[in-house]
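Here, residue 1 is the first one in the sequence, and each next residue gets the next number. Side chains included, hydrogens not; waters and symmetry mates left out as well; all remaining heavy atoms used. Just follow the structure's listing: the first ligand is 1, and inside any ligand the first atom is 1.
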Amino acid sequence: MRYLTAGESHGPELTTIIEGVPAGLTLSIDAINHELARRQGGYGRGGRMKIEKDQVRITSGVRHDKTLGSPITLIVENRDWKNWQKVMSVEAVSEKDQKLRRVAKPRPGHADLVGGMKYQHNDLRNVLERSSARETTMRVAVGAIAKQILAAVDIEIASHVVILGGIEASVPEKLSVKEIQEKTAVSEVNMVDETVEASVKELIDQTKKAGDTIGGVVEVRTDNVPAGLGSYVQWDRKLDGKIAQIMLSINAFKGVEFGIGFEAARQPGSKVMDEIVWDNGYSRTSNHLGGFEGGMTNGEQIIVRGVMKPIPTLYKPLMSVDIDTKEPYKASVERSDSTAVPAASIVAENVVATVLAEELLEQFSADTMDDLQQAVARYRETIKNF
Ligand SMILES: Cc1cc2nc3c(=O)[nH]c(=O)nc-3n(C[C@H](O)[C@H](O)[C@H](O)COP(=O)(O)O)c2cc1C
C-alpha cells in the first residue's frame, strides 16, 4: 500500500491517492469521517475547527461500498476556500491581488523562512500553505482506511495524551486498547486520567489568554498484533524504525520512544528486558520494550510515544526579521490553536495504523481481503505452534 497527499491549507481541497488496498474491503465512509472529526476535536482548538467540518468524498476505487483493488482517491474540501479564492487562485491574478495576505515575517519554529530560502519564495504563504498541519487531515483519512484493514484481522489501535503542558496523566502499566477507547471517549483532552482533566483545561485556557502555546506527549497502543511483523535482516525492514519515522513526520513532533524508552538509559538490563514465559504460547512478564525486539513485533502491545513541541504560532508573537527590509519585526500571526496535542494523538494513532497495515500487506501480499484474512489466520496458527 502506498499513498501521496496533496493540497494547500487554503486551497480548494486536499487529495490523496492510495494504491494497494486489497479488493473486497467493506469500506465505511462514516468511519473515515469519524476519524476526521476526532482530529478536529480537542479542548483548546482555534477558529478554523469551527469553519471546517471535514467530510471525505471518494471518487475512485470503491463501488457499492466495497474496495475494488484499484487506486482509491480521497478528497476533503476546504470549506474556507470561498474566502481565499483570489489569494490561492491557480490562474494568474493582478499584481495588487498577488500581495493579498502576503507573508513576509517568518514565524520561528515554522517552515516559513527555510522553505522560502530553499524554494526562493518571496511570499512565505507559498511555504506555510503546504507545511501546515492541515495536511495531516489526509493522513488521518488514509489511517481510517488502514484501521478498517487492521480490524478485519482483529488488530486494534488507540491513542491518548500522556502529558499536556507539563501536566502528566497517571497511566497504568497495563492498559488495553478498549480501556483507552472507553476512558478517552469521555475526555475533552483525550486523556485516560480524569483526575487531571480540569487542571489541563484550566492550563489551556490560561495559555490561550497569555497568547502562548503548550506541547505534550502522546501514546499509541495496539492490541493483538502478531509476533514477527517487520524484520531484523535489513535495517530498512525494522518496523520500529518505520514507526519512528512516521511519528517524527507528524508536524511539530520532536522525539519518539517505545515502551519505557529514554528511561532505559537509567535502568540496569535486569530491569529493562522482558522475561519470556510459556503458557499455551509465548508471552512476557512485562512490556518495557514496547512490543519490539530486533525490529520485529514480539506479540506484546506496541507502545509508542511521541513528543510534540508547543505550537509555533503565538498570538503574542516572537521576534523575527522582515524578509523585505531585514529589520527586526514581530512574526506574522496565522489563525492558530493554543494546543493541538489531543488532535496530534489522533494523527499519531492513524499514521501508526497506516504503517501497520502497510507492513501486513507487504508481509502477506494479498490482492483480496479474504486472502489477507486467511494468510494472517494461518500465520497466527503457525507461530502459536512454535
Ligand atoms: C494536529 C496539529 C495541529 C497543528 N496546528 C498548528 C497551528 O494551529 N498553528 C501552528 O503554528 N502550528 C500548528 N501545528 C504545528 C506545525 O504544523 C509545525 O510545527 C510546523 O509545520 C513546523 O514543522 P515542525 O514543527 O515539524 O518542524 C500543528 C501540528 C499538528 C500535528
Atom CD of Glu156 and atom CG of Asp223: how far apart are they, to the nearest 0.5 Å?
6.0 Å
Which atom pairs, nitrogen or oxygen on both sides, join ligand 1 and the protein at under 3.5 angstrom?
residue	atom	partner	partner atom	Å
ligand 1	8 (O)	Ser336	OG	3.3
ligand 1	8 (O)	Asp337	N	3.3
ligand 1	9 (N)	Ser336	OG	2.7
ligand 1	11 (O)	His110	NE2	2.7
ligand 1	11 (O)	Thr313	N	3.1
ligand 1	11 (O)	Thr313	OG1	2.5
ligand 1	17 (O)	Asn251	ND2	3.3
ligand 1	21 (O)	Ser131	O	3.1
ligand 1	21 (O)	Asn251	ND2	3.4
ligand 1	25 (O)	Ala252	N	3.2
ligand 1	25 (O)	Lys309	NZ	2.8
ligand 1	26 (O)	Ala252	N	2.9

Would you check if the side chain of Asn287 reaches a backbone N or O of Gln301 as a donor-acceptor pair within less than 3.5 Å?
yes
Sort out for me which residue in His34, Gln40, Glu35 forms a side-chain hydrogen bond (donor to acceptor under 3.5 Å, both in side chains) with Arg38.
Glu35
Backbone of Ser176 reached by a side-chain donor or acceptor of Glu179 within 3.5 Å
yes
Any side-chain hydrogen bond (donor to acceptor under 3.5 Å, both in side chains) involving residues 372-386? Give me the pairs, sequence neighbours left out, ordered by first then second residue.
none
What class does the angle between the rings of Tyr282 and Phe386 fall in, given that below 30° is parallel, 30 to 60° is tilted and above 60° is perpendicular?
tilted
